[in-house]
Every structure is written in structure tokens, then in C-alpha cells.
Amino acid sequence: MSEQPPADAVVAETVAAVVNNIQNVPANESAPADKYAQTPRLFGRKQPIHQVLGGGTTADVLLWRKKHLSIGLLVGATLAWILLEKTGYTVVSLVSNITLFLVVILFVWSNLAALLNRAPPPLPELSLSEDFVLSTANTVRLELNKVLAIAHDVALGKDFKLFLKVIAVLWIVSTAAGWFSLLTLVYISIILALTLPFIYDTYEDVIDHHANRISEQAQVHYKKLDENVFSKIPRAPVKEKKIQ
């Protein structure tokens, strides 16, 4: 029997190959037009990016199709970050001061309007419909169940590829949390949400073309790692359920 290469050598070789392949993909290279129709969409997506993002006002804001709302969100998030991060305000104190200011303005406006026989401030009735609450709770429940199902599969070692993805995501989150405060992470998330979907929507075909090239190379190297390293890791046997 031929000797198998050491596991660390295989890992190092695979990582170097993947990095080399990524560096060899030109950032400004356009995919050939005749390959656009044959290129699978990112993450196996079947719907347009607007529908993936919800297809409503949220998608319009993230894709800058309602520029006034997108600019308002960007400016509001920036001002909130500056107030909370640079001036020493806390979230509770800032929200309390803004609410106090609005209540005083509306109270004075309403009383002056009554004295001068003018129309009261156009304040709509504030309430949450039962359908909205139920649909929101159902959506949260479905997403939590997906997360719990993933955690269950990872804990039982059913999917090693999924395990690696979870480890990578948790490592990235842990590293980023060590560099920035929670408030700064939220602000960065808002900035990314307002830029990445827009960039992808604008250069969708080119990004999908290069992403699929990198994905194909990564699959080749993952199979090599699986044959030489992962398949040799002992795993707990799966117990069969007794049928009574």
C-alpha cells in the first residue's frame, strides 16, 4: 500500500491552491456574453435578487430603487452611530431624549391648534394588527427552527461541510467582535446591507461567473481534503431507532 501524505501537508497544499486560484481570477475580467445564460446563479438562486430580498419596500431600499429612503437610512444610521459612539450617549438616553422632544412638540402643537381653531397635528393611529403580529411570529419561528436544525446536524456530525461553514462563520464573528463594539458592528452591517446587494444587482452576471469558477475549484480541493483527511476522522456511529 502506498503511503498517504500527512494531513497537515494536504491541508497546506489545498489552502495554497485555493488562494492561488482566487488570486488568478481577474477582478475586472468580464464573463463572455454567451456564457451568461449557462452560468448558474449564486447559491443556486432561481428568483431575481429583488424577490430574494422580499420583493417589497425593504428590497427597494437595499437595491436603491427608492433612493430617498436609502439615503435617509444611510444618513440616519450614520448620525445615530456618531451620537452613540462619539458623544457618549447611550441607546436608552438617546431614545428617551428624542421621545421627550417629540412628545413636547406634539403636546404644544395640539394645544395651540385647539386655541387657534386650527387642525391638530396629523398623527395617525398607532396600532399593530393581529395578522402582522402572527405573521411576524411565524416567520421568526421558522427561521429559529432552521437554525436549530443546523445546530442539531452539526452537533451530531452528520454534515462535515456544514460543520466547517459554521466554524468559519463563528470564527469571523468572534474576530470581528474583538475588533469593533456591538454598535459599530450594527452600523457596518447596515452599510454592507446598503452596498453589497446593490453591487451584486448591478454586476450580477460577472459576479456569478467568477463565483462559480471559484466554487468549482473549491469543490475539487474539498474532495481532495475529504479523501485524505476528513474521511479518516473517526465519527460516532449513528444509532438506529427501534421500531416498536
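- Atom CG of L74 sits about 8.0 Å away from atom CD1 of I71, to the nearest 0.5 Å.
- A distance of 12.0 Å separates CG in L63 from CD1 in I199, rounded to the nearest 0.5 Å.
- Here the straight-line distance linking atom CG of L94 with atom OG1 of T99 works out to 9.0 Å at 0.5 Å rounding.
- Residues A113 and A119 come closest through the heavy atom pair CB-O, 3.5 Å.
- Linking ILVMFWY residues whenever their side-chain heavy atoms come closer than 4.5 Å, directly or via other members, leaves F101 and V108 in distinct clusters.
- Summarising the geometry, atom CG belonging to L144 is positioned 11.0 Å from atom OG1 belonging to T139; distances are rounded to the nearest 0.5 Å.
- Following chains of ILVMFWY side-chain contacts shorter than 4.5 Å, one cannot reach V103 starting from L112, and the two form parts of different hydrophobic clusters.
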Distance-only criterion, 3.5 Å: show the donor-acceptor pairs between side-chain atoms of residues 169-189 and protein atoms not counting sequence neighbours.
| unit_1 | atom_1 | unit_2 | atom_2 | d |
| --- | --- | --- | --- | --- |
| T175 | OG1 | W171 | O | 2.8 |
| S181 | OG | T184 | N | 3.3 |
| S181 | OG | T184 | OG1 | 3.1 |
| T184 | OG1 | W81 | NE1 | 3.3 |
| Y187 | OH | T78 | OG1 | 3.0 |
| S189 | OG | L185 | O | 2.8 |

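- Heavy-atom neighbours of R65 CZ from other residues, nucleotides or ligands within 6.0 Å: above the threshold of 12.
- With rounding to the nearest 0.5 angstrom, the CD1 atom of I150 is 13.0 Å from the NE2 atom of H152.
- Closest approach of V61 to L194, counting heavy atoms only: O-CD2, 3.9 Å.
- Checking side-chain atoms of D201 against main-chain N and O of P197 turns up no donor-acceptor pair under 3.5 Å.
- The NZ atom of K66 sits 5.0 Å away from atom CG of D60, with the distance rounded to the nearest 0.5 Å.
- Using a 4.5 Å cut-off between side-chain heavy atoms of Ile, Leu, Val, Met, Phe, Trp and Tyr, with links allowed through other members, L192 and L62 fall into different hydrophobic clusters.
- Inter-residue side-chain proximity for F198 and T202 is flagged as met; some heavy-atom pair is nearer than 4.5 Å.
- Within the structure, every pair that satisfies the side chain to side chain donor-acceptor pair (under 3.5 Å) test and touches residues 140-149, not counting sequence neighbours, is listed here: N138-R141.
- With hydrophobic clusters built from ILVMFWY side chains whose heavy atoms lie under 4.5 angstrom apart, L164 shares a cluster with V166.
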